[in-house]
Amino acid sequence: MAFRVESIRRHPVRSMGGEQRKAAKLDERGMAGDRWFAVRDAEGFLASGKVTRRFRRRDEVVDFQARTEGFSVEVSGNGQGWLAGSELLDSHLSERMGTPVQVLPEADVPHQDGGQVSLIGTATPVWCAERWGVDADPRRLRVNLVIETSKPFVEDCLIGRELIYPLTRLHLGERIPRCRTTDLAQDGAVGGASWLKALGGEREGCLGVYATVVTPGSVMVGDQGKLAR
């Protein structure tokens, strides 16, 4: 099995819609530029679709899209556009969320969840759609890499092993627990039937896996991967 890279997606601002990429750099932190910015409130909590010790539920954040333009990040929503870090964007988001917020780069609080890079195999969402009748668009999972697989959940079986691509090497670490964000309409993907409920009943609430970057480099759509011996 070649584990061909089918798609690459990066999210310049955490919890906002992301951008499709033909290639991306990978470093010690993960995918360069991924979740580098986040919407932060006055108490330091990050806007998200869930509530944890780091995040506060502010569903409005998923209504916005972020993309990289040169060395800047542009946020769009409601037919308008702003640069990440601008007072105009902060003001607009504060009004939408009903509390003062700012779009800030990563500092003391990590913007990522439990891993550097997230990935899923192509056969897994197909199985979910057929099994549960859900809109199994990978964008709802906010994964970075979709890799070609012939059987569902093959990625789970690779945990503890390494995937080698021409210019990088990844170690697959653990399954990704899912939260209510999965069921939100976001990033161009609709919501619909609950994916999270089905996952909780049959998959312990997990889908996709986290990976760490063993060898910094880059990855491109079409790259063929192989398992390390």
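Side chains included, hydrogens not; waters and symmetry mates left out as well; all remaining heavy atoms used. Starting from 1, each residue takes its place in the sequence as its number.
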So the ring pair (Phe, Tyr, Trp, His ring centres under 6.0 Å) pairs with at least one residue in residues 145-194 (sequence neighbours excluded) are Trp127-Phe153

Can you give me the closest heavy-atom contact between Val221 and Ser7, atom names plus distance? CG2-CA, 4.2 Å

Is it the case that over 12 heavy atoms from other parts of the model lie below 6.0 angstrom from the CE atom of Met220? no

To the nearest 0.5 Å, atom OG1 of Thr215 lies from atom CD of Glu28 at 10.0 Å

Between Asp41 and Thr99, does any side-chain donor sit less than 3.5 Å from a side-chain acceptor? no

Applying the 4.5 Å side-chain criterion to the ILVMFWY set and letting contacts propagate, would Val13 and Leu88 be lumped into a single cluster? yes

Neighbour count above 12 (heavy atom, 6.0 Å) for Glu202 CD: yes

Test side-chain contact (heavy atoms from CB on, under 4.5 Å), reference Val39, set Glu60, Gln102, Met97, output is Met97

For Ser194, is there any backbone N or O sitting under 3.5 Å from a side-chain donor or acceptor partner on Asp183? no

Between Arg14 and Ala38, what is the shortest heavy-atom contact and its length? CB-CB, 4.0 Å

Are the charged groups of Asp113 and Arg142 less than 4.0 angstrom apart, N to O? no

For the side-chain contact (heavy atoms from CB on, under 4.5 Å) test, which of Val61, Val101, Asn78 pairs with Arg96? Asn78

Let me confirm one number: the OG-CD distance from Ser91 to Glu95, rounded to the nearest 0.5 Å. 6.5 Å

Heavy-atom distance under 4.5 Å between the side chains of Leu158 and Leu227, does that happen here? yes

Cluster question for you: counting only ILVMFWY and a side-chain heavy-atom cut-off of under 4.5 Å, with indirect links fine, are Leu184 and Leu196 together? no

Is the side chain of Arg139 donor-acceptor paired with the backbone N or O of Gly188 at a distance under 3.5 Å, no angle test? yes

Going by the rule salt bridge (Lys or Arg N to Asp or Glu O under 4.0 Å), which residues pair with Glu106 if we only count those two or more places apart in sequence or in a different chain? Arg29

Under 3.5 Å, is there a donor-acceptor pair between the side chain of His11 and the main chain of Arg35? no

Result of checking Leu119, Val146, Asp223 against Val5 for side-chain contact (heavy atoms from CB on, under 4.5 Å): Asp223

Please give me the minimum heavy-atom distance between Pro125 and Ala136, naming the atom from each residue. O-CB, 3.1 Å

With side chains defined as the heavy atoms from C-beta onward, is the minimum distance between Glu6 and Ile147 less than 4.5 Å? no

Under 3.5 Å, sequence neighbours excluded: what are the donor-acceptor pairs made by side chains of residues 205-212?
| residue | atom | partner | partner atom | Å |
| --- | --- | --- | --- | --- |
| Tyr210 | OH | Gly114 | N | 3.3 |

Is Thr168 reaching over with its side chain to a backbone N or O of Pro216, donor-acceptor style, under 3.5 angstrom? no

Residues Arg161 and Ala228: closest non-hydrogen pair is NH2-O, 3.4 Å

Polar side-chain atom of Asn144 near backbone of Val117 as donor-acceptor pair, under 3.5 Å: no

So, does Ser94 use its side chain to make a donor-acceptor pair with the main chain of Asp90 at under 3.5 Å? yes

Side-chain ion pair, Arg56 and Glu43, N-O less than 4.0 Å: no

Check whether the side chains of Thr124 and Glu155 place a donor and an acceptor atom closer than 3.5 Å, and report yes or no. yes

For Glu69, look at atom CD and say whether over 12 heavy atoms of other residues, nucleotides or ligands are found less than 6.0 Å away. yes

Treat each ILVMFWY residue as a node, draw an edge where side-chain heavy atoms are under 4.5 Å apart, and state whether Ile120 and Trp195 are in one component. yes

Between Arg54 (side chain) and Pro110 (backbone), is there a donor-acceptor pair under 3.5 Å? yes

According to a hydrophobic-cluster definition based on side-chain heavy atoms being under 4.5 Å apart (Ile, Leu, Val, Met, Phe, Trp, Tyr only), do Phe3 and Leu167 belong together? no

I need the minimum non-hydrogen distance between Thr181 and Lys50, along with the two atoms involved. OG1-N, 4.2 Å

CG/Asp156 to CG/Leu172 distance, rounded to the nearest 0.5 angstrom? 10.0 Å

Distance-only donor-acceptor pairs under 3.5 Å for side chains of residues 16-26, two or more places apart:
| residue | atom | partner | partner atom | Å |
| --- | --- | --- | --- | --- |
| Glu19 | OE1 | Thr68 | N | 2.7 |
| Glu19 | OE2 | Arg10 | NE | 2.9 |
| Glu19 | OE2 | Arg10 | NH2 | 3.0 |
| Glu19 | OE2 | Thr68 | OG1 | 2.8 |
| Gln20 | OE1 | Arg9 | NH1 | 2.5 |

Hey, could you give me the CG/OG1 distance between Leu199 and Thr182, rounded to the nearest 0.5 Å? 7.0 Å

Asp59: what forms a salt bridge (Lys or Arg N to Asp or Glu O under 4.0 Å) with it, not counting sequence neighbours? Arg57, Arg180

How would you list all residue pairs meeting ring pair (Phe, Tyr, Trp, His ring centres under 6.0 Å) that involve residues 46-92, not counting sequence neighbours? Phe64-His92, Trp82-His92

Using atom types as modelled and distance alone, determine if a side-chain donor or acceptor of Thr149 lies under 3.5 Å from a backbone N or O of Thr122. yes

Could you tell me the separation between the CD atom of Glu148 and the OG atom of Ser150, rounded to the nearest 0.5 Å? 8.0 Å

Does one hydrophobic cluster hold both Val143 and Met31, with members joined at side-chain heavy-atom distances below 4.5 Å? no

Heavy-atom closest contact (Gly85 atom, Leu89 atom, distance): N-CD2, 4.5 Å

Rounded to the nearest 0.5 Å, what's the gap from CG on Leu141 to CG on Asp187? Could you check? 11.0 Å

Looking at Asp137 and Arg140, would you say the former's side chain and the latter's main chain have a donor-acceptor pair under 3.5 Å? no

